[in-house]
Amino acid sequence: MNRTVFRLSAQAILGRRRGLVLALIPAALLVLALLVRALTDADLGVEATVGLGLSLALPLVALLASTAVLGPEVDDGSIVYLLCKPVSRHVIARSKFAAAWLATMALGALPVGVVAFVVDPSESRRAVAYGVGAAVAGTVYAALFIALAALTRHAVVIGLLFTLLWEGLLGSVFAGVRWLSVAAWGREVAGGLSPLVEEVGIGTAYAVIAATVVTAASVWFTGDRLRSFTLRGDE
């Protein structure tokens, strides 16, 4: 990992208005958790808030963080200055992924475990399990979205469609989607750690392997895409 690239990527995530939006997402989830705790049954409340966190809040954080470390550089053309440096493109990809991953863990995955504990403090093991599951899902989301940012300038739009349609709507309607759903992989891992978490029926081993393969392939693709990147036309 290149420390300079990592530092600049972290600054891109936290700078301007993007950092404020990133902070507002977990804050809103926490406020929702407090309301749910006051108004509903603990078990139902945990499922509702964690489900929202895994399928909406977490991927949104990962999307904003991942596109921040690469998208603006492609849009303003400054990516060419970075690519002219004698640094391996795969090292650049891993450094940018590391920055996006840390932001996703801090502002996306950790809050999922926190809201589970806030809604039901008596089951700390379940909260930890949800936190670990969210960390697995968040890692995949960060890798997928940084690869998407390397592939197209419309990564935010495509990422939102993926989050809302695939992870949200279709994931809740069609059972078969769970095999290819990042949120389902995270929930399955959480279910393997706590009997209080309902598993989705794809197997913990499958969820871990799928998450590992997709993450590694996405980060590799990002580096390969940067290696062959050229600034063309309206890019």
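If you're wondering where the values come from, they're calculated on a predicted model, not measured in any experiment.
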* With the side chain counted from C-beta on, respond yes when V36 and V115 share a heavy-atom pair under 4.5 Å apart, and no when they do not. => no
* Just grab all the salt bridge (Lys or Arg N to Asp or Glu O under 4.0 Å) pairs involving residues 127-144, residues at least two apart or on different chains. => none
* **For L107, the option from L102, L22, I13 that meets side-chain contact (heavy atoms from CB on, under 4.5 Å)** => L22
* Which atom names give the shortest non-hydrogen contact between W166 and L180, and what distance separates them? -> NE1-O, 3.1 Å
* Asked: Where the side chain of W185 meets the backbone of W179, is there a donor-acceptor pair that is under 3.5 Å apart?
  -> yes
* Would you say R178's side chain and V200's backbone share a donor-acceptor pair under 3.5 angstrom? -> yes
* Min side-chain heavy-atom separation T139-M105 under 4.5 Å -> yes
* Less than 4.5 Å apart, any side-chain heavy atom of L144 and any of L148? -> no
* Side chain of E188, backbone of G203: donor and acceptor closer than 3.5 Å? -> yes
* Structure fact -> Between A183 and S55 the two heavy atoms that sit nearest each other are CB-CA, 4.3 Å
* **Backbone of G191 reached by a side-chain donor or acceptor of E198 within 3.5 Å** => no
* Asked: What are the two closest heavy atoms between A99 and S9, and how far apart are they?
  -> CB-CB, 3.6 Å
* Transitively linked via ILVMFWY side-chain contacts under 4.5 Å: Y206 with V213? -> no
* Structure fact -> Interatomic distance, CZ@R187 vs CG@L54, rounded to 0.5 Å, equals 6.0 Å
* Donor-acceptor contact below 3.5 Å, side chain S181 vs main chain V177 -> no
* To do: Taking T152 for its side chain and A155 for its backbone only, find out whether a donor-acceptor pair lies under 3.5 Å.
  => no
* **Gap between atom CG of L60 and atom CG of L24 - 0.5 Å precision** => 12.5 Å
* **Donor-acceptor contact present, side-chain T104 to main-chain G138, <3.5 Å** => no
* To do: Please examine the side chains of I146 and K96, heavy atoms only from C-beta on, and report whether any two atoms are closer than 4.5 Å.
  => yes
* Do T222 and L151 come within less than 4.5 Å of each other through their side chains, counting heavy atoms only? -> no
* For W220, look at atom CH2 and say whether over 12 heavy atoms of other residues, nucleotides or ligands are found less than 6.0 Å away. => no
* Structure fact -> On a heavy-atom basis, the closest approach of F145 and P59 is CE1-O, 3.4 Å
* Asked: Do any N or O atoms from the side chain of T49 and from the backbone of V46 form a donor-acceptor pair under 3.5 angstrom?
  -> yes
* **Y130 side chain reached by L193 side chain, heavy atoms, under 4.5 Å** => no
* Under a 4.5 Å cut-off applied to non-hydrogen side-chain atoms, are Y141 and L58 in contact? -> yes
* Structure fact -> Tightest non-hydrogen contact, residues S218 and A143, listed as CB-O, 3.3 Å
* Asked: Can you tell me if R37 uses its side chain to pair, donor with acceptor, with the backbone of V118 under 3.5 Å?
  -> yes
* Asked: Should D224 and H90 count as side-chain neighbours, where that means a heavy-atom distance under 4.5 Å?
  -> yes
